[in-house]
Number of protein chains: 2
Amino acid sequence: MKKQAIEHTRLLALSLLAGEDMYGYQMIVELARRSNHTFDMKEGTLYPVLHGLEQEGFVEAYRKQAPTGRERKYYHLTRKGEHALREEEAAWKRYSGAVNDVLRGGAEAV
Amino acid sequence: MKKQAIEHTRLLALSLLAGEDMYGYQMIVELARRSNHTFDMKEGTLYPVLHGLEQEGFVEAYRKQAPTGRERKYYHLTRKGEHALREEEAAWKRYSGAVNDVLRGGAEAV
DNA sequence: TTGACATACCTAGAAATACTATGTATAATG
DNA sequence: CATTATACATAGTATTTCTAGGTATGTCAA
């Protein structure tokens with residue numbers, strides 16, 4: 001009924017690729033696992049985002065044969081992408097920290 | 001250039017009203033203060049959200065004269081709204097926890 | 001061997017959310 | 001008296017994510 005709120009798709013995608021190269025389908029499965037199924041990202045969400053990241057030079061794609069004989073499209077995080085990841089992580093920390101401050105009634109300084 | 005990502009407007013609005021009744025303009029100023037100016041919510045964002053919350057019965061509005069003589073529209077969190085706030089808070093904790101799990105490379109269970 | 005299911009990629013259109021821009025009006029201030 | 005801050009509001013736009021659909025290949029049970 002209500003749309004699931006996954007707004008930080010880019011951050012999550014970049015983060016997944018930080019450890020190893022992955023292909024789209026794998027990223028979706030991996031994300032569900034790492035988030036204990038809190039995130040159930042849709043293909044219609046991820047693929048356009050990956051294409052965008054590629055256009056911006058944050059990831060590079062290459063095709064590789066799977067052991068099954070099937071071809072997969074792997075994504076590799078570039079140096080530029082690593083930099084973007086660090087920035088997005090910092091933005092997330094700032095953002096989530098601010099939400100928590102507000103929930104606690106404000107970082108009453110002092 | 002890039003839009004600021006304030007996605008949890010409802011949660012933030014409900015949270016602000018948890019302590020005391022507030023009017024819209026005050027909420028924007030208060031939110032900026034409590035978040036150390038991380039959140040600079042726009043009136044075009046808040047007012048429609050407040051109207052929605054009112055329609056759902058989460059807040060009740062009443063008009064009151066300010067000491068300045070000017071009329072303000074105060075919002076009060078209803079019992080139903082308090083319940084909604086607790087749910088949104090729980091959702092936020094689940095969501096932010098999951099993001100952090102992914103950033104750390106997954107809640108590898110152990 | 002064939003039909004179902006999981007894997008694997010992709011895009012178009014709809015829905016949700018927040019922003020920009022604008023309008024109105026009053027109080028305070030220089 | 002003009003400008004700025006306060007205070008509320010809406011219309012239209014932009015962005016993000018979802019739904020829904022399409023294509024194709026590998027696996028496995030009946």
Side-chain angles (χ1 to χ4, degrees), chain A residues 1-14 16 21-33 35 38-56 59 61-75 88 91-92 95 98-99, chain B residues 1-14 16 21-33 35 38-56 59 61-75 88 91-92 95 98-99:
Chain A
M1 204 95 318
K2 208 176 148 195
K3 142 166 109 162
Q4 196 191 357
I6 304 193
E7 296 100 350
H8 294 86
T9 309
R10 282 169 57 104
L11 167 63
L12 295 173
L14 290 172
L16 284 166
D21 294 1
M22 287 192 193
Y23 55 98
Y25 195 85
Q26 179 187 10
M27 292 173 73
I28 289 171
V29 174
E30 231 348 73
L31 181 62
R33 192 188 69 75
S35 67
T38 297
F39 297 137
D40 176 26
M41 194 178 285
K42 306 301 184 239
E43 297 175 78
T45 301
L46 180 61
Y47 288 119
V49 167
L50 283 175
H51 300 158
L53 291 173
E54 192 179 6
Q55 284 229 312
E56 292 173 276
V59 302
Y62 58 95
R63 297 191 169 274
K64 207 174 108 184
Q65 204 82 3
T68 70
R70 183 159 192 178
E71 230 187 36
R72 291 169 180 159
K73 193 169 170 185
Y74 282 83
Y75 288 93
E88 298 263 2
W92 162 251
Y95 174 81
V99 171
Chain B
M1 205 97 314
K2 205 177 150 195
K3 140 168 109 164
Q4 195 192 357
I6 304 194
E7 296 99 351
H8 294 86
T9 309
R10 282 170 56 103
L11 167 63
L12 295 173
L14 291 172
L16 284 166
D21 295 1
M22 286 190 195
Y23 56 96
Y25 194 86
Q26 179 187 10
M27 292 173 73
I28 289 172
V29 175
E30 222 2 65
L31 180 62
R33 192 188 68 76
S35 68
T38 298
F39 296 138
D40 176 27
M41 194 179 286
K42 305 301 184 241
E43 299 175 77
T45 300
L46 180 61
Y47 289 119
V49 167
L50 284 174
H51 300 159
L53 291 174
E54 191 179 5
Q55 284 229 313
E56 291 174 277
V59 301
Y62 59 94
R63 296 191 170 275
K64 205 174 111 186
Q65 203 82 5
T68 72
R70 184 162 190 171
E71 233 188 33
R72 290 168 180 160
K73 194 170 171 186
Y74 282 82
Y75 288 93
E88 299 262 2
W92 162 252
Y95 175 81
V99 171

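Order of the sequence lines fixes the chain letters, A, B, ..., with proteins taken first and strands second; residue numbering starts at 1 for each chain. All values below come from the heavy atoms of this structure, side chains included, with hydrogens, waters and symmetry mates left out. Fair warning: this is a prediction, and the values are worked out from it, not measured in the lab.
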Q.
Once side-chain contact (heavy atoms from CB on, under 4.5 Å) is applied, do any residues pair with A:Glu56, and if so which ones, sequence neighbours excluded?
A. A:Arg10, A:Leu53, A:Phe58

Sugar-phosphate only, base, or nothing, as touched by [X] at under 4.0 Å among non-hydrogen atoms:
X       : answer
A:Gly44 : base
B:Glu43 : base
B:Arg72 : sugar-phosphate

Rounded interatomic separation in angstrom, taking [atom1] from [X] and [atom2] from [N]:
X       : N      : atom1 : atom2 : value
B:Glu71 : C:dT26 : CD    : C1'   : 12 Å
A:Tyr74 : C:dC9  : OH    : P     : 9 Å
A:Arg63 : C:dC10 : CZ    : P     : 6 Å
A:Leu46 : C:dC10 : CG    : P     : 10 Å
B:Ile28 : C:dA18 : CD1   : C1'   : 13 Å
B:Leu11 : C:dA18 : CG    : C1'   : 16 Å
B:Tyr25 : D:dT4  : OH    : P     : 14 Å
A:Gln55 : C:dC10 : CD    : P     : 13 Å

Q: Counting heavy atoms from C-beta on, name the nucleotide in D:dT25, C:dA27, C:dC9 closest to the side chain of B:Arg70.
A: C:dA27

**Q.** Reported OH-to-CZ distance for the pair B:Tyr74 and B:Arg63, which is rounded to 0.5 angstrom
**A.** 12.0 Å

Any [X] side-chain nitrogen or oxygen under 4.0 Å from OP1 or OP2 of [N]:
X       : N      : result
B:Thr45 : C:dT17 : no
B:His51 : D:dC8  : no
A:Tyr47 : C:dC10 : no
B:Lys73 : D:dA9  : yes

Q: Can you label the angle between the A:Phe39 ring and the B:Tyr95 ring as parallel, tilted or perpendicular, going by 30° and 60°?
A: perpendicular

Q: Determine whether B:Lys73 and B:Leu50 make a side-chain contact, defined as any pair of heavy atoms from C-beta on separated by less than 4.5 Å.
A: no

Q) Side chains of B:Tyr62 and B:Tyr23: closer than 4.5 Å at any heavy-atom pair? A) no

